[in-house]
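One structure below.
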Amino acid sequence: MLDKFITPVIKPLLTPVVMLMHKRGITADQLTVVGFLVGLLAVPLLAFEMWYGALVAIALNRILDGLDGALARYANQSSSAGGFLDITLDFLFYAAIPLGFILANPEQNAIAGSLLLATFIGTGSSFLAFAIAAEKFKLEKPQFKYKSFYYLNGLTEGTETIALFIAFCIWPQHFAVMASIFAIACGITIFTRIHGGYHTLKQQEADANKAAENMPSSASSEVIND
């Protein structure tokens, strides 16, 4: 929900760092992998209740995640392969953080953490499934034109998720409550994405069929022959 407001503010701040990295020969994919590995350090830190150390790892992961996309665009390195790598490792990182809190206190955090992970699967799958269909219909990306795939909005997006992870690290004793509340918000996101995505794609299919019916017979035969 907040990504479309936060991203334009952050992008200009990254430019000087991106320019320096490009001069040093660093690639966007390298940043993506390094950022992911740094983010995974949060899991053992959380398991051993080193909350602020985990917070640093999470923050560094998000900084590097912002830099990799900016670097790809600056260096004209944007690609489907890079976008695939970035989003895949992002979702693995998002799933790893609740796991760290579950390991820290299974008795208190297991149920809420498992619920949060389940809803993460729902938000992620609805997000990526729509992106595949959006590519088929060549849907425009009005709010995130720089993304390598269609970025479907929702109540819980990257900004909200990172704010949640920060809150987890500051108030770990309230993990179960915060995770449960956020899981409900994720459930709302899942519903709106499925509902909105389904009807959007149905309309796209109807428009495509209508356009095919109105196509001149000669053009239709050429399409069929192709």
Side-chain angles (χ1 to χ4, degrees), residues 1-12 28-29 32 65-66 68-95 115-164 182-226:
M1 182 175 67
L2 297 177
D3 284 8
K4 61 184 178 182
F5 302 110
I6 298 297
T7 301
V9 176
I10 294 176
K11 284 176 63 178
D29 289 348
T32 299
D65 182 67
D68 64 2
L71 178 58
R73 291 185 292 275
Y74 179 81
N76 292 320
Q77 297 172 345
S78 296
S79 66
S80 297
F84 166 76
L85 180 67
D86 181 59
I87 194 63
T88 301
L89 296 187
D90 274 353
F91 278 120
L92 288 173
F93 165 74
Y94 290 147
L115 179 62
L116 184 60
L117 286 172
T119 56
F120 276 179
I121 292 174
T123 56
S125 59
S126 59
F127 176 92
L128 295 175
F130 186 85
I132 295 170
E135 180 66 21
K136 173 185 176 182
F137 290 107
K138 305 299 181 183
L139 296 183
E140 294 184 1
K141 300 173 279 188
Q143 294 172 337
F144 299 95
K145 295 182 183 296
Y146 57 89
K147 293 289 187 179
S148 57
F149 49 86
Y150 193 97
Y151 198 93
L152 187 62
N153 291 334
L155 179 61
T156 54
E157 298 175 347
T159 302
E160 292 82 7
T161 304
I162 297 310
L164 176 75
F182 199 79
I184 294 172
C186 287
I188 296 172
T189 297
I190 295 168
F191 174 79
T192 56
R193 282 181 175 169
I194 292 175
H195 182 272
Y198 175 81
H199 288 287
T200 296
L201 296 176
K202 288 287 288 185
Q203 185 61 51
Q204 290 293 322
E205 290 173 344
D207 291 345
N209 291 334
K210 185 176 180 180
E213 292 173 358
N214 294 333
M215 187 181 299
S217 57
S218 59
S220 298
S221 62
E222 290 178 3
V223 172
I224 293 173
N225 290 334
D226 290 341

With side chain to side chain contact (heavy atoms under 4.5 Å, CB included) as the test, pick out the partner of T32 among L85, D65, D90, T88. L85
Point-to-point distance, once rounded to the nearest 0.5 Å, from CG of L164 to OH of Y94: 11.5 Å
Do you know which two heavy atoms are closest between F127 and R193, and how far apart they sit? CB-NH1, 3.6 Å
Once side chain to side chain donor-acceptor pair (under 3.5 Å) is applied, do any residues pair with D29, and if so which ones, sequence neighbours excluded? none
What residues, two or more places apart in sequence or in another chain, satisfy side chain to side chain donor-acceptor pair (under 3.5 Å) together with Y74? none
What are the two closest heavy atoms between A185 and T156, and how far apart are they? CB-CG2, 3.6 Å
Go through it in stages, so that I can follow the logic: the residues are F91 and L128, the test is side-chain contact (heavy atoms from CB on, under 4.5 Å), and I'd like the CA-CA distance, side-chain angles, deciding distance and then a yes or no. CA-CA 11 Å; F91 278 120; L128 295 175; 4.0 Å; yes
For K202, give me all partners under side chain to side chain contact (heavy atoms under 4.5 Å, CB included), at least two apart in sequence or on another chain. Y198, E205
Side-chain donor-acceptor contacts of residues 115-125 below 3.5 Å, not counting sequence neighbours, with atom names and distances?
{"residue": "T119", "atom": "OG1", "partner": "L115", "partner atom": "O", "Å": "3.3"}
{"residue": "T119", "atom": "OG1", "partner": "L116", "partner atom": "O", "Å": "2.8"}
{"residue": "T123", "atom": "OG1", "partner": "T119", "partner atom": "O", "Å": "3.3"}
{"residue": "T123", "atom": "OG1", "partner": "F120", "partner atom": "O", "Å": "3.0"}
{"residue": "S125", "atom": "OG", "partner": "I121", "partner atom": "O", "Å": "2.8"}
{"residue": "S125", "atom": "OG", "partner": "G122", "partner atom": "O", "Å": "3.2"}

K210 backbone acceptor or donor facing N214 side chain under 3.5 Å: yes
The ring pair (Phe, Tyr, Trp, His ring centres under 6.0 Å) partners of F191 (sequence neighbours excluded) come to H195
Restricting to side chain to side chain contact (heavy atoms under 4.5 Å, CB included), what partner residues turn up for L201, sequence neighbours left out? F130, A133, F137
Results of side chain to side chain donor-acceptor pair (under 3.5 Å) for Q203 - residues two or more places apart only: D207
To the nearest 0.5 Å, what is the distance between CD1 (I194) and NE2 (H199)? 11.0 Å
